[in-house]
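Comments concern the structure below.
Count residues from 1 along the sequence.
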Amino acid sequence: MQQGTNLPKVGSYNRSVVLETIQASDGISRVRIAAMTGLTAQTVSVIVRRLLEEGLVVEDGSAPSRGGKRPTILRVSAEAGYAVGVHFDPKALSCVLADLAGRPVARLHLPVRPGARPDGVVRQMARAARRILREAGVPDGKVLGVGLACPGPLDEDGVMVSPPRLAHWDRVPIRALLREYTGFPVTVDNDATAAAIGERWAGIARSTPSFAYLYLGTGIGGGLFLDNQVYRGRSLNAAEFGHMTVDPQGPGCYCGNRGCVEAVCCPSAIEAAMGGLRDHAAICAAAASGEPAALRVIERVAERLADAAVSVVNLLDIDLLVLGGPALREVGEIYREVIARAVSSRSLARRLHPVRVETSPIAADAAAIGAASLVFHATYAPRLGTLLSG
């Protein structure tokens with residue numbers, strides 16, 4: 001959990017630190033907040049009072065006491081605000097309405113017509129966002145914004161720049177278009193970073209300072225939190241774990257390298273390894289049921305993913321590696337076991353501290369829930385830039 005500061009000029013940062021601490025807990029007292037953040041009891045009390053007045057936090061019962069007054073428990077008010085999360089995959093749209101606690105209230109899945117033009121797809125996203133709000137009965141005044149998770153690369157203005165699996169999408173200003181068609185503020189990020197933010201806001205990484213997210217979808221990507229801050233890199237496209245070389249003699253990849261993780265581990269590569277006779281879903285189901293040929297292919301993919309995971313752990317010295325994304329399907333536990341075994345036996349610092357390898361509990365909808373969490377994170381999460389700005 002992040003530390004606050006008692007300097008008077010950083011009130012907005014401290015407010016975000018306190019709110020994040022409450023969000024990450026399953027109920028917490030003012031005394032515990034002060035202990036975890038390093039803020040004075042008085043500062044915490046003032047901030048909590050304002051959060052209560054704004055309706056972002058509620059008092060919810062009391063904790064046991066060893067003597068004296070029982071401390072009041074604080075929780076985020078889930079109904080204080082909502083966000084719509086849209087995940088754009090080349091083949092499908094997933095739409096989630098989430099409350100401020102990060103819990104999905106409603107879901108919607110729609111196919112994307114093959115060869116559909118960008119403007120038509122963005123209009124489909126806007127209609128889906130409006131539909132899910134209408135069906136859930138959430139008024140516009142309760143909506144903090146729309147989050148969009150989509151394939152990268154993306155520039156700082158939310159413009160897609162030559163996405164490799166999407167013809168006709170170069171230089172599409174997807175954020176501006178979706179904002180125009182929905183009428184809501186739009187926050188956009190690549191799907192893997194969005195999934196990592198979702199895991200941080202409402203998943204298993206809520207109190208983990210440093211973790212990596214390995215996202216398995218149509219392609220393979222990653223997201224990073226380092227010392228409690230999302231790390232996006234110089235061009236906002238960091239953590240492309242899918243383009244680490246794991247087989248120097250392997251097939252060529254569209255990025256220009258050979259034997260990238262994505263080139264040997266993505267769903268289309270798995271289908272090719274099985275002779276192109278079955279689709280990815282069928283192969284995963286067969287492997288999960290123990291069919292030898294399918295299981296061999298999935299285990300080989302798991303080993304290549306494990307090679308990349310060990311490199312990520314060695315490079316970043318993280319606490320947690322999360323696996324998520326729709327391509328996990330029924331084989332997520334196979335991947336997790338192989339990767340966990342490799343990390344525990346081959347990472348350099350394994351005798352200094354263990355690194356957990358976990359499968360996201362929201363793996364299938366990770367990017368859509370993460371997209372909604374983009375809005376909450378952008379609105380409320382503490383950012384070090386707040387301390388450095390004038």
Side-chain angles (χ1 to χ4, degrees), residues 151 164-165 190-193 195-196 199 204-205 211-224 238-255 257-274 280-281 283-288 293-348 350 354-364 366-367:
R165 297 178 183 275
N190 70 65
D191 43 17
T193 297
E199 211 63 53
I204 58 178
F211 73 94
Y213 194 108
L214 181 58
Y215 182 83
L216 307 175
T218 301
I220 295 176
L224 275 180
E240 285 289 355
F241 302 148
H243 297 285
M244 299 172 62
T245 296
V246 290
D247 182 3
Q249 306 305 315
C253 180
Y254 58 78
C255 72
N257 293 319
R258 298 194 69 82
C260 289
V261 174
E262 182 163 320
V264 298
C265 298
C266 71
S268 59
I270 291 172
E271 291 168 353
M274 289 292 292
H280 179 252
I283 296 166
C284 290
L295 187 58
R296 279 195 300 271
V297 168
I298 292 299
E299 287 178 338
R300 189 159 57 244
V301 166
E303 289 166 1
R304 298 289 76 78
L305 290 171
D307 291 340
V310 170
S311 295
V312 169
V313 169
N314 283 339
L315 180 66
L316 300 173
D317 196 24
I318 52 176
D319 305 300
L320 169 69
L321 178 66
V322 181
L323 311 178
L328 285 180
R329 295 190 181 273
E330 297 97 330
V331 296
E333 186 56 22
I334 297 174
Y335 289 157
R336 193 201 66 78
E337 287 182 357
V338 173
I339 293 170
R341 188 163 57 246
V343 167
S344 66
S345 63
R346 292 162 47 193
S347 62
L348 186 63
R350 61 187 178 274
V355 177
R356 290 188 296 135
V357 179
E358 303 284 356
T359 303
S360 170
I362 56 171

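Here the straight-line distance linking atom CD1 of I283 with atom CD1 of I270 works out to 7.0 Å at 0.5 Å rounding. Taking SG from C265 and CD1 from I298, the interatomic distance works out to 9.5 Å, rounded to the nearest 0.5 Å. Interatomic distance, CG of L323 versus CG of L305, reported as 8.0 Å (0.5 Å rounding). The CG atom of D191 sits 5.0 Å away from atom OH of Y215, with the distance rounded to the nearest 0.5 Å. Of the inter-residue distances, the one linking L315 atom CG with M244 atom CE reads 7.5 Å to the nearest 0.5 angstrom. Between atom CG of residue L321 and atom OG1 of residue T359 there is a gap of 9.5 Å, rounded to the nearest 0.5 Å.
Scanning both residues, G223 and A196, for their nearest heavy atoms gives CA-CB, 4.0 Å. The shortest heavy-atom contact between Y213 and F241 is O-CE1, 3.7 Å. Contact record, A293 with M274: O-SD, 3.9 Å, taken as the closest heavy-atom pair. Heavy-atom minimum distance, A309 versus V343: CB-CG2, 4.4 Å. Counting all heavy atoms, side chain and backbone alike, T218 lies closest to C266 at O-CB, 3.7 Å. Minimum heavy-atom separation, A327 to H280: O-CE1, 3.3 Å.
For residues 262-273, the set of pairs meeting the side-chain hydrogen bond (donor to acceptor under 3.5 Å, both in side chains) definition, not counting sequence neighbours, comprises R165-E262, Y254-E262. Within the structure, the side-chain hydrogen bond (donor to acceptor under 3.5 Å, both in side chains) test picks out the following pairs touching residues 301-310 (sequence neighbours left out): R304-D307, D307-R346.
The closest donor-acceptor contact from the side chain of R336 to the backbone of E358 lies at 3.5 Å or more, if one exists at all. A side-chain donor-acceptor contact under 3.5 Å links S344 to the backbone of R341. Put simply, the side chain of R350 gets close to the backbone of S345: a donor and an acceptor are under 3.5 Å apart.
Side-chain contact between F211 and I204: absent, with no pair of heavy atoms (C-beta onward) separated by less than 4.5 Å. I318 has its side chain within reach of V313: a pair of non-hydrogen atoms, C-beta onward, lies under 4.5 Å apart.
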